[in-house]
Amino acid sequence: MRLSRMISSVTSSSSAINRTSSTLYSLTPFQPNVNPITITRRNFISLTESSSFPLRHSISMNKQYVSTLSSSRSDNGPSLDPPSQGAESFFRAVLASMEAVYLSRNPTAKAILELVGSASDQQIYYDHFAFRTFGVNGYGIDSMAKIFLDFGYTPREELRFPAKKLRALWFSPPSVPIPHGGSGVNGPLPRVFISELLVDQMSPQTQDIIKKYTEISGSGNKHAALASALGSLTWEKPLHSEFQQLARESEYAAWTLVNGYALNHATISTHQLKSHLRDIKSLNQFIEKNGFKLNSEGGILKVSPDGLLQQSSTVADSIHFQFADGVTESVPCSYIEFAERLVLPQYSNLPLDEVKEHHRRDGFEVGNADKIFESTSKEQLTRKAA
């Protein structure tokens with residue numbers, strides 16, 4: 001697909017998102033063969049339009065990054081020249097469209113962003129964006145990573161989750177100036193966490209279903225970022241029985257079948273808040289006090305062994321999804337996460353106003369992430385709030 005066509009499509013999708021009613025999110029303008037999806041929780045407030053897409057620049061491909069994608073570890077990665085202003089504007093506009101789809105489908109995330117922003121009376125910065133994929137036929141990590149590699153992100157560590165039959169890679173963003181007053185996708189660029197289901201480790205029945213839909217998609221894996229920005233599946237709607245088969249074996253697989261490349265979650269960087277909510281324990285109490293349910297798997301607060309990465313998350317919102325055979329069922333959508341990165345021991349004597357992001361604990365932790373994955377599980381969705 002030509003860049004100009006992609007720009008035109010995504011720009012049109014942003015307008016379509018804003019025309020959506022407060023109780024209905026429809027994929028119809030983007031993918032005519034998909035029936036509307038109706039939000040079943042809080043109504044969302046209409047979204048503001050994302051910035052327009054510049055036509056003068058494209059994001060150049062850096063083959064060096066693609067060749068290193070499959071490596072399991074990279075401490076710092078090669079350095080890149082800063083992206084051009086036009087490329088950065090385009091990239092941020094793509095992130096804004098992904099965020100717009102995410103907020104329109106997940107009223108809890110939108111409400112919490114507004115609530116925390118109002119309480120802190122300041123900008124909110126994202127720690128990372130996370131996506132789920134099928135690790136088969138080119139539909140895995142590589143497909144979603146491409147746009148981030150093109151823009152200069154660096155592949156870092158691989159994480160393995162044997163019990164869930166998953167692997168993941170995280171990517172650090174390039175160093176770019178923060179727009180004046182920038183917040184959200186216009187603030188510091190987020191880290192990116194992309195996981196994939198190890199499809200060849202699943203049962204033959206589940207493998208057949210996943211391969212059926214990725215094959216139906218054709219070359220849809222080449223347009224993963226576009227699908228995420230449009231809020232569209234790259235394959236046909238599945239049968240309800242197929243969704244049930246995947247759900248019995250892997251909640252992750254079932255989620256990905258009906259949500260595709262949609263943003264799985266965005267994460268607020270709590271330590272960059274200016275109020276008392278910068279302490280993640282205070283933020284968790286604030287979130288629960290306002291009636292939101294947090295993921296309790298392994299405890300509300302997930303802490304890395306070194307104690308320097310602390311995370312929590314809400315339970316996913318649910319949506320009504322109409323399957324290809326006409327069955328309509330409530331399925332999990334996305335959630336919002338919170339992360340506090342503490343100062344590394346070697347910088348503990350720095351005054352707080354001199355502490356920068358590179359002075360803090362970086363990366364991810366398998367134990368934490370394994371429990372955060374449960375935010376979309378049936379057990380968490382059906383659990384009564386404390």
Is the closest basic N to carboxylate O distance between [X] and [Y] below 4.0 Å?
X	Y	value
K302	D370	no
K371	E365	no
R105	D317	no
E158	R167	yes
K165	E196	no
D150	K146	yes

Residue pair [X] / [Y], side-chain heavy-atom distance below 4.5 Å:
X	Y	result
F171	T154	no
R92	V176	yes
L277	F338	no
V303	L309	no

Looking only at side-chain N and O atoms, does [Y] offer a donor or acceptor that is under 3.5 Å from a partner on [X]?
X	Y	result
E329	H240	yes
S304	D306	yes
T376	R132	yes
N284	S312	yes
H265	E337	yes
T108	T314	no
S282	H276	no
H359	Q346	no
E374	N295	no
T206	E249	yes

*Transitive ILVMFWY cluster of V355, excluding itself - 4.5 Å side-chain cut-off*: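 Listed partners: L308, L342, V343, L344, Y347, L350.
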*Step through the shown structure and confirm whether more than 12 heavy atoms of other residues, nucleotides or ligands are within 6.0 Å of CD on E379.*
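No, the 6.0 Å shell around CD holds no more than 12 heavy atoms from other groups.
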*Roughly how far, to the nearest 0.5 Å, is OG of S228 from CD of E99?*
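Answer rounded to 0.5 Å: 11.5 Å.
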*Test F373 against every option in F364, Y335, F161, W255 by the ring-ring contact (aromatic ring centres under 6.0 Å, His included) rule and name the one that passes.*
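It is F161, the one option of F364, Y335, F161, W255 that forms the ring-ring contact (aromatic ring centres under 6.0 Å, His included) with F373.
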*Checking side chain to side chain contact (heavy atoms under 4.5 Å, CB included) for the pair I112/N290: CA distance, chi angles, key distance, verdict?*
CA-CA 9 Å; I112 286 177; N290 279 276; over 6 Å; no
*Let me see the working for H271 and R360 under side chain to side chain contact (heavy atoms under 4.5 Å, CB included), right down to the final yes or no.*
CA-CA 10 Å; H271 57 267; R360 296 180 180 274; 3.3 Å; yes
*Is there a chain of hydrophobic side chains (I, L, V, M, F, W, Y, each step under 4.5 Å between heavy atoms) that links F148 to Y125?*
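Unlinked, F148 and Y125 end up in two clusters.
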*Under the side-chain contact (heavy atoms from CB on, under 4.5 Å) test, residues paired with A266 that sit two or more places apart*: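 Checked A266 against side-chain contact (heavy atoms from CB on, under 4.5 Å); matches are Y102, Y126, F129, L263.
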_Going by side-chain contact (heavy atoms from CB on, under 4.5 Å), Y139 matches just one of V199, L197, N221, T133. Which one?_
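Result for side-chain contact (heavy atoms from CB on, under 4.5 Å) with Y139: N221.
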